[in-house]
There are 2 protein chains.
Amino acid sequence: MKPTAPSFAPFVPVPVPELAPLSGSGTVPLYRQVKRALLKLLESGRFGPGEALPSESEIAQLLQVSIGTLRRAVDELVHEHVLIRRQGKGTFVALHNDDRFLFQFFHVEPRSADALDSLTQEREYPVVDCVAFDKARATETQAAALRIRLGEPVFCISNRLSLGGRPVVHDAICLSALVFKGLTEKRFTERPSTVYNLYQLDHGISVLRAQERARAAAASRDVARILGLSTGVPVLEVHRIALSFGEKPVEYRVSTVNTQQHDYVSVLSTQR
Amino acid sequence: MKPTAPSFAPFVPVPVPELAPLSGSGTVPLYRQVKRALLKLLESGRFGPGEALPSESEIAQLLQVSIGTLRRAVDELVHEHVLIRRQGKGTFVALHNDDRFLFQFFHVEPRSADALDSLTQEREYPVVDCVAFDKARATETQAAALRIRLGEPVFCISNRLSLGGRPVVHDAICLSALVFKGLTEKRFTERPSTVYNLYQLDHGISVLRAQERARAAAASRDVARILGLSTGVPVLEVHRIALSFGEKPVEYRVSTVNTQQHDYVSVLSTQR
DNA sequence: CCCAATTTGTTCGTATGTATA
DNA sequence: TTATACATACGAACAAATTGG
């Protein structure tokens, strides 16, 4: 049931004080100002992942812009998967619980005969085993990646990912314990979907993009054991920093991939 | 000087028979049909890279759609960097001669202290030396990647890329000699800009996206020598297939990266 | 099953601003 | 200055999906 306005105030159906008429500079287009206002609203947490925003006509009225201008701003946010529109229902803060979003950040797949078929092929889900879940203090590298202070409390999680029944990837995940307050091993391992979906549901944190740096390395003793490899074998090492609203780093992850039978796949495009 | 219509035919300023009123199915939105019509027009080569399209109002009239609908279609193509709009001038087939496009497909940069600064940092241009330029017959792998027949003539080009005066990447590039008819070593090595710009200018081929598969490997003897490494050192091997209009593969490239001092960097996003 | 209200999706058109030649 | 072309902003009308009665 959608909350309806009381009869004595028929024109203020959903009070959203954050959405006040814009007082923009004039040089930047109105629809950009609207977009920034919406982003600020989302960054504030006033509407969490999965929640519905007021209707387009309502927001347009609150911001004192035309419906077309509002739609243009929302269009861009929908394109960036920050918002999701559903015809007949409304506009929602995007929930990244889709297959598409799993594979947005999981790029390992079997080496294939046809080099181009990853563009069309159905992909396999990795099976995840949690090898370790510890609370620790941030190292220099971790602190720099997460932009926190040296020694701040962090969760360090070690996962083994298998494809076709064989271990292929080792993930070392590092999270600020201050940001992910209340996270437990039980909750982490028993999550219903991906970790990024868990971040959204339990902590209201949306991962919007990530930076990755890949390099070849010789397998360390520890990782080699977890992946069933000999120490020193060439492996692919991927360092990822995941970013949320306002470019805030929220996760630092080092993935080590056994690329003897698998590849790390990405699709580049001239977009963006 | 823009060609103007003769006085006896004032309403047909630029004859473009490819742009006829649409006879779409009805279930797919009009602006998508317009987009496909424009893509087909570009795929046909009727307008080459850098050329101006008829004005928006003209195209809208030819296709019998409103200017707003046409703009929506063009918006998407501009987003995908297929077209470029310049206010006051016109709409042009995108020319990928920008820095941005170089780095769209060149992802190697020095390992940095601050893990996040590749998002803001200025990047260094690689210095390219052509090690070899040969005409050969397509191997099984090359033929599969380029979707041509085994043994068809191909150009095989070997490049060494240096950053900070030291060789870091080896590129083995394979092109169909039938598609890149008339390509010469001289023209290839003396190109004014990137190879993808050369493909556009000399052959009218726009690379719109690419698929890459990365893996760790032990450096081969040949590549190790070119990069100044010891044989067997772990290196990053990136297999790229570059695609043009209609998903046509036009280039197959194997890059080998010395990742001792450098990383292969990419930015993922929830977009697309 | 149908109807009505709500919400987004598509298409059209107009007016005005800004950059270019 | 003028004409052309794209950029922005507004709004109307109708279609399609959803929900609840």
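Lettering of chains follows the sequences in order, A, B, ..., and the numbering in each one begins at 1. Note that the structure is predicted; figures quoted are calculated from it, not measured.
- With rounding to whole Å, B:Ile84 atom CD1 is found 17 Å from D:dA7 atom C1'.
- Summarising the geometry, the separation between CZ on B:Arg71 and C1' on C:dT10 is reported as 17 Å, rounded to the nearest angstrom.
- Closest approach of B:Pro249 to B:Ile241, counting heavy atoms only: CB-CG2, 3.7 Å.
- Rounded to an integer number of Å, the gap from B:Lys89 NZ to D:dT4 C1' is 13 Å.
- Rounded to an integer number of Å, the gap from CZ of B:Phe92 to P of C:dA19 is 17 Å.
- Which of C:dT7, C:dT10, C:dC12 sits closest to the side chain of B:Val65 comes down to C:dC12.
- At the heavy-atom level, B:Gly90 lies under 4.0 Å from the strands shown only through sugar-phosphate atoms.
- B:Leu30 has its CG atom 14 Å from the C1' atom of D:dC14, to the nearest Å.
- Side-chain polar atoms of A:Gln104 and A:Tyr196 form no donor-acceptor pair below 3.5 angstrom.
- The side chain of B:Ser66 approaches C:dT11 more closely than any other nucleotide in the set D:dG11, C:dT11, D:dC6.
- A close approach under 4.0 Å does occur between a side-chain nitrogen or oxygen of B:Thr69 and OP1 or OP2 of C:dC12.
- Checking the phosphate oxygens (OP1, OP2) of C:dT11, no side-chain nitrogen or oxygen of B:Arg72 falls inside 4.0 Å.
- Nucleotide D:dA12 holds its P atom 11 Å from the CD1 atom of A:Ile67, rounded to whole Å.
- Here B:Arg86 does not reach the OP1 or OP2 of C:dT20: none of its side-chain N or O atoms lies under 4.0 Å away.
- A donor-acceptor contact closer than 3.5 angstrom is absent between the side chains of B:Asn97 and B:Ser193.
- Atom CD of B:Glu56 is separated from atom P of C:dC12 by 15 Å (rounded to the nearest Å).
- With rounding to whole Å, B:Tyr31 atom OH is found 13 Å from C:dC12 atom P.
- Note that B:Arg240 lies outside the cation-pi zone of B:Phe105, set by a 6.0 Å cut-off to the ring centre and a 45° limit from the axis.
- Look at A:Ser57 and you won't find any side-chain N or O under 4.0 angstrom from OP1 or OP2 of C:dT7.
- Annotation for B:Arg191: atom CZ counts as buried by contact number, over 12 foreign heavy atoms lying within 6.0 Å.
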